[in-house]
S.K.: 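The structure under discussion is supplied below as structure tokens; questions concerning it will follow.
Note that the coordinates shown come from a computational prediction; the quantities given were computed from them, not determined experimentally. First the proteins, then the strands, lettered A, B, ... as listed; each starts at 1.
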Amino acid sequence: MLDARFVRENVDTVKEALEKRGYEFPLSEFLSINGKRVTLIGEAGELRNRRNVVSEEIGRLKRRKEDASAQLEEMKTVSDRIKALDEKLRELEEETKTFLMTIPNIPDESVPEGRDETKNIEVRRWGTPNTFDFEPLNHWDIAAALDIIDFERAAKITGARFALMKGAGARLERALMNLMLDTHTSRGYTEVFPPIMVNRESMTATGQLPKFGMELFRIADPEFYLIPTAEVPVTNIHRDEILRDSDLPIFYTAYTPCFRREAGSHGKDTRGLIRQHQFNKVELVKFVKPEDSYDELEKLTADAEDILRKLDLPYRVVTLCSGDLGFSSAKTYDIEVWLPGQNRYREISSCSNFGDFQARRAGIRFKREGRKGTEFVHTLNGSGLAIGRTLVAVLENYQQKDGSVVIPEILRPYMGIDQIRLAGG
RNA sequence: GGAGAGGUGGCCGAGUCGGUUGAAGGCAGCCGCCUGCUAAGCGGUUGUGGGGGUCAAACCUCACCCAGGGUUCGAAUCCCUGCCUCUCCGCCA
């Protein structure tokens, strides 16, 4: 959420910045609503002041058993007027909030301008894609041959876009999870395992609601939501808190299952593990001081990349352009891993700096030692990494001519084997 | 699921039959003074958000005693609803 006063005082900047995202901000409407709101706050405040003063007087008179009927008479009308104003104010407050809640974040200056992903800018590449002396297979064909992922039975149990991991496949999923958590915790992230169902407030704080409810699985009674990413519960750890500056920065890493409706992606990635309703992910979340957030974004991205380097998987990093930016993000790097089966790079991590956007929604503030007042922290997060897609990358990059898959060096202690072989082999 | 108890400031903990309660008292913190050092002692001070005001402060004002409604001239105090915590019983892991 943007700051109402900031918007009011910097209308042109805001309008311009949002246009870069392709977002048309109905400015005059906002200003008129917000202007009315401010006027009413003043009026209601004065009336309340009057009420406080006179009520106190009534108390004094009554204690002395004197007549207070004149004051009581006056107060009746004052009270009614306060009620009427409050009613109007509540509506305007609501409108203002809805307005602000549905406005996306302002992109950072360093974000390239552009309409869509074709304007994203590659910032670096690491590793060289393997050259195979045979036609590399898709991961679902590899997995089928090895009997480690069963999509048909998963569809029977639940439906499309679910997977049943089996044997070495299930073990590989767990090995990747442990490698990621071990790596991140050794770099100063505190491991947490949060609730994976959250309430409406939490979803609103990180920006999924009110605008993107169609992406979420919802439990009707009580009203809970399955998380689409650990970003939601982990960022909400400090919702409505005032931290001390000595507490910052705070780094968390969390493994959680994630759930997404994938509404509107019918027909996309229908086969395989790439796009599932349920998938596992290890997430990185940071709470930092405003002046540090862009440095921390670089470091967070490097921490996510580190997993791919350890696995020796080729990847590239792109800066998302303004039009491709997520709703809450001020700047995002996508990390894309090389998939021989698709002969292209695919997103495996998205690392974002949200600035104070989420913190303002979530009420996450901090206080500087020896200074008055509070400031909003900056929040960041990134996948470190999406486990299913990492598993896909391992299968496709490490596949052998005989249909087996070599286990990357770093995973062998976790797997207990160095190769997944065909049943007959 | 059944029966109780409770949710007050950074923490502990008072709030009487509704009326100088933003909230006693204590602890912690901060600033002075005092002391050879430490400890003790003395005085003062210490929340958040909104609106106005200022170059910035000072300052003025409103709101906030879990949340949301209600009663009332006036509510931390009374009533309703919700959420959460705790204890006991039952049930399941």
S.K.: Need the pair for B:C59. Rule: Watson-Crick or G-U wobble, both distances under 3.5 Å, any strand; none if unpaired.
M.R.: B:G52

S.K.: Rounding to the closest angstrom, what is the interatomic distance between B:G9 and B:C66 at atom C1'?
M.R.: 14 Å

S.K.: May I have the list of side-chain donor-acceptor pairs in residues 228-240 of chain A shorter than 3.5 Å, sequence neighbours left out?
M.R.:
residue: A:T229; atom: OG1; partner: A:E231; partner atom: N; Å: 3.0
residue: A:T229; atom: OG1; partner: A:K281; partner atom: NZ; Å: 2.8
residue: A:E231; atom: OE1; partner: A:N381; partner atom: ND2; Å: 3.4
residue: A:E231; atom: OE2; partner: A:Q358; partner atom: NE2; Å: 2.8
residue: A:T235; atom: OG1; partner: A:E231; partner atom: O; Å: 2.7
residue: A:N236; atom: OD1; partner: A:R239; partner atom: NE; Å: 2.6
residue: A:N236; atom: ND2; partner: A:S202; partner atom: O; Å: 3.0
residue: A:N236; atom: ND2; partner: A:V232; partner atom: O; Å: 2.8
residue: A:H238; atom: ND1; partner: A:E241; partner atom: OE1; Å: 2.9
residue: A:H238; atom: NE2; partner: A:Y252; partner atom: OH; Å: 2.8
residue: A:R239; atom: NH2; partner: A:S202; partner atom: OG; Å: 2.9

S.K.: Please measure how far the C1' atom in B:C60 lies from the corresponding atom in B:C65, and state the result in whole Å.
M.R.: 24 Å

S.K.: Is it true that A:Y315 and A:R309 share a donor-acceptor pair across their side chains at a distance under 3.5 Å?
M.R.: yes

S.K.: A:E223 CD to B:C83 P: how many Å, rounded?
M.R.: 12 Å

S.K.: Determine, for nucleotides 63-82 of chain B in 5'-to-3' order, which nucleotides have protein heavy atoms under 4.0 Å from the base (write B), from only the sugar-phosphate (write S), or from neither (write -).
M.R.: S-------S-BS--------

S.K.: Between atom CZ in A:F366 and atom C1' in B:G47, what is the gap in whole Å?
M.R.: 18 Å

S.K.: Does B:G51 have OP1 or OP2 sitting under 4.0 Å from an N or O in the side chain of A:R5?
M.R.: yes

S.K.: Measure CZ/A:R244 against P/B:G29 and give the value in whole Å, please.
M.R.: 12 Å

S.K.: Whether A:K367 contacts B:G47 is assessed here as follows: a side-chain N or O lying under 4.0 Å from the phosphate OP1 or OP2. Is that the case?
M.R.: no

S.K.: I need the A:T102 OG1 to A:F25 CZ distance, nearest 0.5 Å.
M.R.: 8.5 Å

S.K.: Paired with B:U35: which nucleotide, if any, by Watson-Crick or G-U wobble criteria at under 3.5 Å for both distances?
M.R.: none

S.K.: Expressed in whole Å, how much space separates the C1' atoms belonging to B:U16 and B:A23?
M.R.: 15 Å

S.K.: Report which part of the nucleic acid A:R60 touches: base, sugar-phosphate, or nothing (heavy-atom distance under 4.0 Å, all strands).
M.R.: nothing

S.K.: Going by distance alone, is a donor N or O of one side chain under 3.5 Å from an acceptor N or O of the other, for A:S404 and A:Q419?
M.R.: yes

S.K.: Paired with B:C11: which nucleotide, if any, by Watson-Crick or G-U wobble criteria at under 3.5 Å for both distances?
M.R.: B:G26

S.K.: Distance check needed: B:G49 C1' versus A:D3 CG, whole Å only.
M.R.: 12 Å

S.K.: Classify the nucleic acid contact of A:R8 as base, sugar-phosphate or nothing, counting any heavy atom under 4.0 Å across all strands shown.
M.R.: sugar-phosphate

S.K.: With distance as the sole criterion, is a donor-acceptor pair present between the side chains of A:H184 and A:T253 under 3.5 Å?
M.R.: no

S.K.: Does any donor atom in the side chain of A:E298 or A:Y333 lie under 3.5 Å from an acceptor atom in the other side chain?
M.R.: yes

S.K.: Over how many whole Å does the gap from A:E56 atom CD to B:G19 atom P extend?
M.R.: 12 Å

S.K.: Rounded to whole Å, please give me the gap between CG in A:N199 and C1' in B:C83.
M.R.: 10 Å

S.K.: When the P atoms of B:C78 and B:C92 are compared, how many Å lie between them, rounded to an integer?
M.R.: 41 Å

S.K.: Taking only the C1' atom of each, what is the distance from B:G13 to B:G26 in whole angstrom?
M.R.: 8 Å

S.K.: Considering heavy-atom distances to RNA chain B, does A:A44 or A:I41 have its closest nucleotide positioned more toward the 5' end?
M.R.: A:I41

S.K.: Please report the distance separating the P of B:A58 from the corresponding atom of B:G68, rounded so that it comes out in whole Å.
M.R.: 29 Å

S.K.: Just to confirm, is there a sub-4.0 Å distance from OP1 or OP2 of B:G50 to any side-chain nitrogen or oxygen of A:R37?
M.R.: no

S.K.: B:C64 pairs with which nucleotide, Watson-Crick or G-U wobble, both distances below 3.5 Å?
M.R.: B:G47

S.K.: Expressed in whole Å, how much space separates the C1' atoms belonging to B:U72 and B:U77?
M.R.: 13 Å

S.K.: Taking pairing as Watson-Crick or G-U wobble with both contacts under 3.5 Å, can you name the mate of B:G18, or confirm there isn't one?
M.R.: none

S.K.: With side chain to side chain contact (heavy atoms under 4.5 Å, CB included) as the test, pick out the partner of A:F217 among A:Q278, A:R261, A:R260.
M.R.: A:R261

S.K.: Using whole Å, what does the distance between atom P of nucleotide B:G47 and atom CD1 of A:I242 come to?
M.R.: 12 Å

S.K.: Which whole-number value in Å describes the distance from A:R368 CZ to B:U46 C1'?
M.R.: 20 Å

S.K.: Rounding to the closest angstrom, what is the interatomic distance between B:C11 and B:G47 at atom C1'?
M.R.: 14 Å

S.K.: Report yes if a side-chain nitrogen or oxygen of A:N49 is closer than 4.0 Å to either non-bridging phosphate oxygen (OP1 or OP2) of B:C62; otherwise report no.
M.R.: yes

S.K.: Salt bridge or not between A:D86 and A:R48? Use side-chain N to carboxylate O under 4.0 Å.
M.R.: yes

S.K.: Please give the nucleotide sitting opposite B:C86 as a Watson-Crick or G-U wobble pair, both distances under 3.5 Å, or none.
M.R.: B:G4

S.K.: Once you apply the 3.5 Å cut-off to both distances, tell me the Watson-Crick or G-U wobble partner of B:C78, or none.
M.R.: B:G70

S.K.: Give me the ring orientation class for A:F357 and A:F327: parallel if the planes are under 30° apart, tilted from 30 to 60°, perpendicular past 60°.
M.R.: perpendicular

